[in-house]
Protein chains: 2
Amino acid sequence: MATSKTSNKQTLSAEDWADAALAAMADGGLEAVAVEPLARRLGVTKGSFYWHFANRDAVVRAAIELWAQRETDDIIEIARKVTAPRRRIQTIFKLANGSEREGRLYLAIAAASRDPMIGHVIEKVSRRRLEYLKACYTELGLADRDARKWATFAYSTFLGTLQLRRDDAAALSSDGFFTEYVRHLIEMLIPKNIGDQPPGEPGDVQPEERAA
Amino acid sequence: MATSKTSNKQTLSAEDWADAALAAMADGGLEAVAVEPLARRLGVTKGSFYWHFANRDAVVRAAIELWAQRETDDIIEIARKVTAPRRRIQTIFKLANGSEREGRLYLAIAAASRDPMIGHVIEKVSRRRLEYLKACYTELGLADRDARKWATFAYSTFLGTLQLRRDDAAALSSDGFFTEYVRHLIEMLIPKNIGDQPPGEPGDVQPEERAA
DNA sequence: ATCAGTCCATACGAAAGCGTATGGATAGTA
DNA sequence: TACTATCCATACGCTTTCGTATGGACTGAT
């Protein structure tokens, strides 16, 4: 997170506005990205906004492209470190279920995919994630079509868990159920009896508790 | 579907307005439920609306409660016919991935769950679905906590598949991949080596192709 | 025929949002 | 000091939507 919230510069940049737009989307959806409310939140007026952007669509575009770029960097940087494919997939699952904010942000952006511009970005992000997952499964020893099936399966489960956490938080949060559930996912979403490593190898990262 | 769209009655009912609101939500999200556009769509003016409802919130409430009630009736009525638990779960999965409109509707409503009123309904629906699924898994021979895990797993995958179909339709639609994928889901989301019936029993319903 | 109830049309005011126009303030530069 | 570029404030008009007020049309009952 390279974001400096409420930075104390004396002048705003376009990225500051885009960050504010992302924050507004995360807890208010796309329609919460309105020029004057954003300006109030940043302590300025519309005059600043229309200096940096031509119109509202421009900041929406900038925001989601910023989001798409960041989530790419994060995934790549984190997952690349883990070389063993089976453990890499496990790591991805655990991390993917980590940040509450990122989940809400994805759902908010995806909910606005009627807008062709947003739909295109969401589609690009989904494709990239699926491709990456598929490559992991291929590396695990699966044939092309099987890798696609497993990747789609895993990614769908991830998306659904995201949604369920928002729609019925109690379904996952009670007791230590979430941890147990993630363990179950990892066990079920990785095919057995193929690949290079047995389950439960050393160096396993324990699933951290859910973010507040 | 007991809905008569563009009915030729000479006078409108509150449910007609609620239906129109659901239609608007299905392809436009919650903010598409606006009084005057709805009135234009129904061929009347606001005067009619404010005769049937006190304000905009009232029709939103009526619409999603209508939706919640209908989806309950549908699920119950369909799944109750299948007595064998394993086959019932299979049936649920196949049906759940059937209607495109229902999926978009769920996502549209869930995306508006910031509204406490909507959030409450979504939570109620989620809980009910999870309870039902859990009961199916229990009937299959799973212990309580395992049944909950499997039900959560299956429901998350269902929700995620819904979302993926919207966010990246090509990921599921190419070739006969969707059919193959659903078969894979059914195989993976039902535990083996327990329960009353082996997989592939006679009377299996073939997954119908995706709705247009 | 009148009267009450039902359903809708029309006109109005208020609020929120978008975008434009224009001027002010500040910092750097010649 | 004067000039310019950068960044923001303010004021305005336009549109959309909400909600109200009021009246008209049509129906059934007495």
Side-chain angles (χ1 to χ4, degrees), chain A residues 4-64 66 108 111-112 114-118, chain B residues 4-64 66 108 111-112 114-118:
Chain A
S4 68
K5 28 193 69 176
T6 64
S7 73
N8 41 10
K9 300 179 302 184
Q10 69 280 22
T11 183
L12 294 175
S13 69
E15 188 167 337
D16 291 331
W17 283 95
D19 270 326
L22 285 179
M25 290 185 62
D27 57 60
L30 181 63
E31 74 271 17
V33 180
V35 177
E36 280 144 325
L38 245 59
R40 282 195 294 272
R41 191 162 169 163
L42 287 172
V44 293
T45 64
K46 302 182 356 177
S48 172
F49 177 86
Y50 285 101
W51 170 257
H52 293 287
F53 297 96
N55 49 31
R56 177 183 175 274
D57 267 21
V59 76
V60 171
R61 171 188 296 265
I64 69 171
L66 183 63
R114 272 173 292 272
D115 181 326
M117 196 264 136
I118 296 180
Chain B
S4 66
K5 31 193 66 176
T6 66
S7 73
N8 40 10
K9 302 178 301 185
Q10 71 281 21
T11 184
L12 294 175
S13 71
E15 189 167 337
D16 291 331
W17 283 96
D19 270 326
L22 285 179
M25 289 186 63
D27 57 60
L30 181 63
E31 74 271 17
V33 180
V35 178
E36 281 145 324
L38 244 60
R40 281 194 295 272
R41 191 162 170 160
L42 288 172
V44 292
T45 64
K46 301 177 8 175
S48 173
F49 177 86
Y50 285 102
W51 170 258
H52 294 287
F53 297 97
N55 49 30
R56 177 184 176 274
D57 267 21
V59 74
V60 170
R61 171 188 296 265
I64 69 171
L66 183 63
R114 272 173 292 271
D115 181 326
M117 197 265 138
I118 296 181

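Lettering follows sequence order; numbering is per chain, from 1.
The distance between the ring centers of Trp17(A) and Phe49(A) falls below 6.0 angstrom.
Between Trp51(B) and dC7(C) there is a side-chain polar atom (N or O) within less than 4.0 angstrom of OP1 or OP2. Thr11(B) has a side-chain polar atom (N or O) that falls below the 4.0 Å cut-off from OP1 or OP2 of dC8(C). Between Ser48(A) and the phosphate of dA9(D), there is no side-chain N or O to OP1/OP2 separation shorter than 4.0 Å. One finds a side-chain N or O of His52(A) lying less than 4.0 angstrom from the OP1 or OP2 phosphate oxygen of dC8(D).
Put simply, CZ on Phe49(A) is 18 Å from C1' on dT6(D), counting in whole angstrom units. Atom CZ in Arg56(A) sits about 8 Å away from atom P in dG19(C), given to the nearest Å. In this structure, the CD atom of Glu36(B) is 13 Å from the C1' atom of dA9(C), given to the nearest Å. Counting to the nearest Å, the C1' atom of dC8(D) and the CG atom of Leu38(A) are 16 Å from each other. Following rounding to the nearest Å, Leu12(A) (CG) and dT26(C) (P) show an atom-to-atom distance of 16 Å. Put simply, CH2 on Trp17(A) is 11 Å from C1' on dC7(D), counting in whole angstrom units. Remark: P of dT20(C) and CZ of Phe53(A) are 15 Å apart, rounded to the nearest angstrom. Between Arg40(B) atom CZ and dA9(C) atom P there is a gap of 13 Å when expressed in whole angstrom units.
Here the nucleotide nearest the side chain of Thr45(B), chosen from dC18(C), dT10(C), dC8(D), is dT10(C). Nearest nucleotide to the Val44(B) side chain, out of dC18(D), dA9(D), dC8(C): dC8(C).
Residue contacts shown for Tyr50(B) include a base, since a base heavy atom lies under 4.0 Å away.
When atom types are taken as modelled, the side chain of Asp16(A) and the backbone of Ser13(A) share a donor-acceptor pair closer than 3.5 angstrom. A donor-acceptor distance shorter than 3.5 angstrom exists from the side chain of His52(B) to the backbone of Leu12(B), with no hydrogens or angles considered.
Counting all heavy atoms, side chain and backbone alike, Ala62(A) lies closest to Phe53(A) at CB-CE2, 3.9 Å.
Remark on DNA chain C: of its neighbouring residues Gly47(A) and Val33(A), the 5'-side contact belongs to Val33(A), judged by nearest-heavy-atom nucleotide.
For the atom pair CZ (Arg40(B)) and CG (Leu42(B)), the distance works out to 11.5 Å, reported to the nearest 0.5 Å.
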